[in-house]
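In this text, all values refer to a predicted model and were calculated from it rather than measured experimentally.
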Amino acid sequence: QVQLVESGGGLVQAGGSLRLSCAASGSTFSSFAMGWFRQAPGKEREFVAAISWGGDNTYYADSVKGRFTISRDNAKNTVYLQMISLKPDDTAVYSCGARTPTTYSGYYFFSNWRRYDYWGQGTQVTVSS
C-alpha cells in the first residue's frame, strides 16, 4: 500500500508561482511512475504532467507545457510540480497519482488517470485574476 500526501497549494495572483509536493510512503516509490492531475468544479479530471520512475521521461499537457515542470527526488520519496505564470484557468484541485511498474510507456498511457493505482487527497490551487 502506498499513501500519497500533497501539499503546497494556495491562493496566488495570475502570473504567480507555486510548487506542489507529493510525499509518498513506502520503500517502493522509486519504482513507480508518478502523475499530476487536476479537477476544476464541474469538469472532468485532467492530466497535467507525469514522470517515469527514474525521472528520465516527462510528459505534459499542452495547456501547461513551458509553464509547469515535474520532477522527483527518490531519496525523499517526493514528486514536485513547479508552476509558473499561473492563470485563472489553472484553478483546480491538484492530485498526484502513483502507477505501479508496467511495461507500458508513453504520453497516452501516463496521461490516462485510470492507469494509476494510488491517489492522494489533493491540494487546492486558486489563481485570481
- request: Return yes if some donor-acceptor pair links the side-chain N/O of S25 with the main-chain N/O of Q3 below 3.5 Å, else return no.
  value: yes

message: Keeping T91 on the side-chain end and T126 on the backbone end, is there a donor-acceptor pair under 3.5 Å?
response: no

query: Do the non-hydrogen side-chain atoms of E46 and F37 ever get within less than 4.5 Å of each other?
result: no

task: Report the hydrophobic cluster partners of M83, with the cluster defined as I, L, V, M, F, W, Y residues connected by side-chain heavy atoms closer than 4.5 angstrom, directly or transitively.
output: V2, L4, V12, L18, L20, F29, F32, M34, W36, V48, I51, Y60, V64, F68, I70, V79, L81, L86, Y94, Y118, V125, V127

- request: Could you pull out all residues at least two apart from R67 that satisfy salt bridge (Lys or Arg N to Asp or Glu O under 4.0 Å)?
  value: D90

task: Quick one: list whatever passes salt bridge (Lys or Arg N to Asp or Glu O under 4.0 Å) with R72, sequence neighbours left out.
output: none

Might you point out which heavy atoms bring [X] and [Y] nearest each other, and give the distance in Å?
X    : Y    : value
S129 : P88  : CB-CG, 3.9 Å
T123 : G9   : OG1-N, 3.2 Å
A50  : Y116 : CB-OH, 3.6 Å

Nearest 0.5 Å, please: how far is [atom2] in [Y] from [atom1] in [X]?
X    : Y    : atom1 : atom2 : answer
Q13  : S128 : CD    : OG    : 5.0 Å
R114 : R45  : CZ    : CZ    : 9.0 Å
S30  : N74  : OG    : CG    : 5.0 Å

field: salt bridge (Lys or Arg N to Asp or Glu O under 4.0 Å) pairs, two or more places apart, involving residues 48-64
entry: D62-K65

Contacts under 3.5 angstrom, residues 95-102 side chains, donor-acceptor by atom type, not counting sequence neighbours:
from: R99; atom 1: NH1; to: R115; atom 2: O; distance (Å): 2.8
from: T100; atom 1: OG1; to: D117; atom 2: OD2; distance (Å): 2.7
from: T102; atom 1: OG1; to: Y104; atom 2: N; distance (Å): 3.0

- request: Would you check if the distance from the ring center of Y59 to the ring center of F47 is below 6.0 Å?
  value: no

message: Going by side-chain hydrogen bond (donor to acceptor under 3.5 Å, both in side chains), name the residues that satisfy it together with Q82, two or more places apart in sequence or in a different chain.
response: none

task: Take D73 and Y80 through the side chain to side chain contact (heavy atoms under 4.5 Å, CB included) test and state the conclusion after the steps.
output: CA-CA 8 Å; D73 185 338; Y80 304 97; 4.1 Å; yes

